[in-house]
Protein chains: 2
Amino acid sequence: MPAASAQSVIDLLRAKGLRMTPQRRAIVAEIMSASGHITPVTVARRVEDRVPGVNPSTVYRTLDLLEDLGVLSHAHLESGAEYHRRAEATHVHLTCSRCGADDSLSIGEAAALEAVVSRHRGFQPDLTHFAISGVCARCQREHARPSPRRGSRSAARPS
Amino acid sequence: MPAASAQSVIDLLRAKGLRMTPQRRAIVAEIMSASGHITPVTVARRVEDRVPGVNPSTVYRTLDLLEDLGVLSHAHLESGAEYHRRAEATHVHLTCSRCGADDSLSIGEAAALEAVVSRHRGFQPDLTHFAISGVCARCQREHARPSPRRGSRSAARPS
DNA sequence: GTCGTTGCAAAGCGTTTGCAACTAT
DNA sequence: ATAGTTGCAAACGCTTTGCAACGAC
């Protein structure tokens, strides 16, 4: 499913009268080929490999632009903000607060959740915007361990 | 339901052999009297009123300490990290991405959600850790408006 | 030639840290 | 006296901004 290729994004930008610079091409290529979510910092790092010298601010500006155009969306995971193709915004992230494992709900499961929430005063949730934190089955089994959340603030992530 | 008073927290700290400084007293008093959630910055500002000169780093260190001791928890809302009494961690936050309105699910609704999620490979969710973003009923009705998310990055909040 | 885009450098913001001075016990 | 705490100041990590130079069209 070519849920929007890099080329289609370039076409969209052109149609809007916007310009295709080498930097922008590289950023679009990177984000459209990335699977799942990716942080701005990671985009910047990878783009740097393709086109040395690309400034982080250019990356941020481009991500904002693509989000405004509806191509991208961002979500808040344990590790901070992450971008993903909007067409792929079907992932409801489950993040284990102990081991950091990242899983996601199926479309069906997500729909069931949405139904429950929307019953609350007609609130229409976007379950992809924030992750759902919790403890994965594996970590629950290992509950003998005193649960690593004392002391160091870094069991799995920022949390 | 005295879900842990400022005094009980002080007693706990004492029992742990920790010390009660005026700064710490003020911070504990502030956070234990706050209803719902509060940001570290707000805590710092309010504590400053009680005991002028309290350094923000002291606030952060104390919040961390109280979280380690199990008195507090933090959650990620649209506006960033917020702390709340752990005993009060029953709020599943619903945040409207358009108007910024903040609502919360009832215990029952939260339980229903939890049931759905936990069916997924035994993942035990903590639905209080991240807010649930979406569009409230009122904003849905006003959908004639072109939806304020172009241009300025500040429709309601950081989003 | 226009006007969108970029790099640069600085600033912003919330948070963290090292360390010496301080103080509750 | 001892160890927990604090203030200070600096650093941090990520993101944003103003502005002049640049370059896609």
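Note that the structure is predicted; figures quoted are calculated from it, not measured. A, B, ... follow the sequence lines: proteins, then strands. Residue 1 opens every chain.
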Q. Taking the nucleotide of DNA chain D with the closest heavy atom to each, which residue, T58(B) or G17(B), is nearer the 5' end?
A. G17(B)
Q | Positive for side-chain contact (heavy atoms from CB on, under 4.5 Å) with H74(B), one of H84(B), E82(B), E67(B) | A | E67(B)
Across the strands shown, which category fits [X] at heavy-atom distances under 4.0 angstrom: base, sugar-phosphate, nothing?
{"X": "R24(B)", "answer": "sugar-phosphate"}
{"X": "T39(A)", "answer": "nothing"}
{"X": "P40(A)", "answer": "sugar-phosphate"}
{"X": "R25(B)", "answer": "nothing"}

Value in whole Å for how far the [atom2] atom of [N] lies from [atom1] of [X]:
{"X": "H76(A)", "N": "dC14(D)", "atom1": "NE2", "atom2": "C1'", "value": "14 Å"}
{"X": "M20(B)", "N": "dC22(C)", "atom1": "CE", "atom2": "P", "value": "22 Å"}
{"X": "L63(B)", "N": "dT15(C)", "atom1": "CG", "atom2": "P", "value": "9 Å"}
{"X": "H74(B)", "N": "dT16(C)", "atom1": "NE2", "atom2": "P", "value": "10 Å"}
{"X": "R19(B)", "N": "dA24(C)", "atom1": "CZ", "atom2": "P", "value": "9 Å"}
{"X": "E82(B)", "N": "dG14(C)", "atom1": "CD", "atom2": "P", "value": "12 Å"}
{"X": "Y60(B)", "N": "dG13(D)", "atom1": "OH", "atom2": "P", "value": "16 Å"}
{"X": "D64(A)", "N": "dG4(C)", "atom1": "CG", "atom2": "P", "value": "17 Å"}

Check the side chains of [Y] and [X] for a donor-acceptor pair under 3.5 angstrom, ignoring hydrogens and angles.
{"X": "T42(B)", "Y": "R46(B)", "answer": "no"}
{"X": "R86(A)", "Y": "S73(A)", "answer": "yes"}
{"X": "D103(B)", "Y": "H120(A)", "answer": "yes"}

Q) Is L105(A) reachable from F130(B) through a run of I, L, V, M, F, W or Y residues, each pair having side-chain heavy atoms under 4.5 Å apart? A) no
Between [options], which nucleotide gets closest to the side-chain atoms of [X]?
{"X": "N55(B)", "options": "dC8(D), dG14(C), dT5(D)", "result": "dC8(D)"}
{"X": "S57(B)", "options": "dG7(D), dA24(C), dG4(C)", "result": "dG7(D)"}
{"X": "R61(B)", "options": "dG23(D), dG7(D), dT17(D)", "result": "dG7(D)"}

**Q.** Residue met sooner reading DNA chain C from 5', once P52(A) and V41(B) are mapped to nucleotides
**A.** P52(A)
Q: Could you say whether P22(B) or I27(A) is positioned toward the 5' end of DNA chain C, judged by the nucleotide with the nearest heavy atom to each?
A: I27(A)
So does [X] get a side-chain nitrogen or oxygen closer than 4.0 Å to the phosphate oxygens (OP1/OP2) of [N]?
{"X": "T21(B)", "N": "dT23(C)", "result": "no"}
{"X": "Q23(B)", "N": "dG7(D)", "result": "yes"}
{"X": "R14(B)", "N": "dT25(C)", "result": "yes"}

Q) Are the aromatic ring centres of H91(B) and H37(B) under 6.0 angstrom apart? A) no
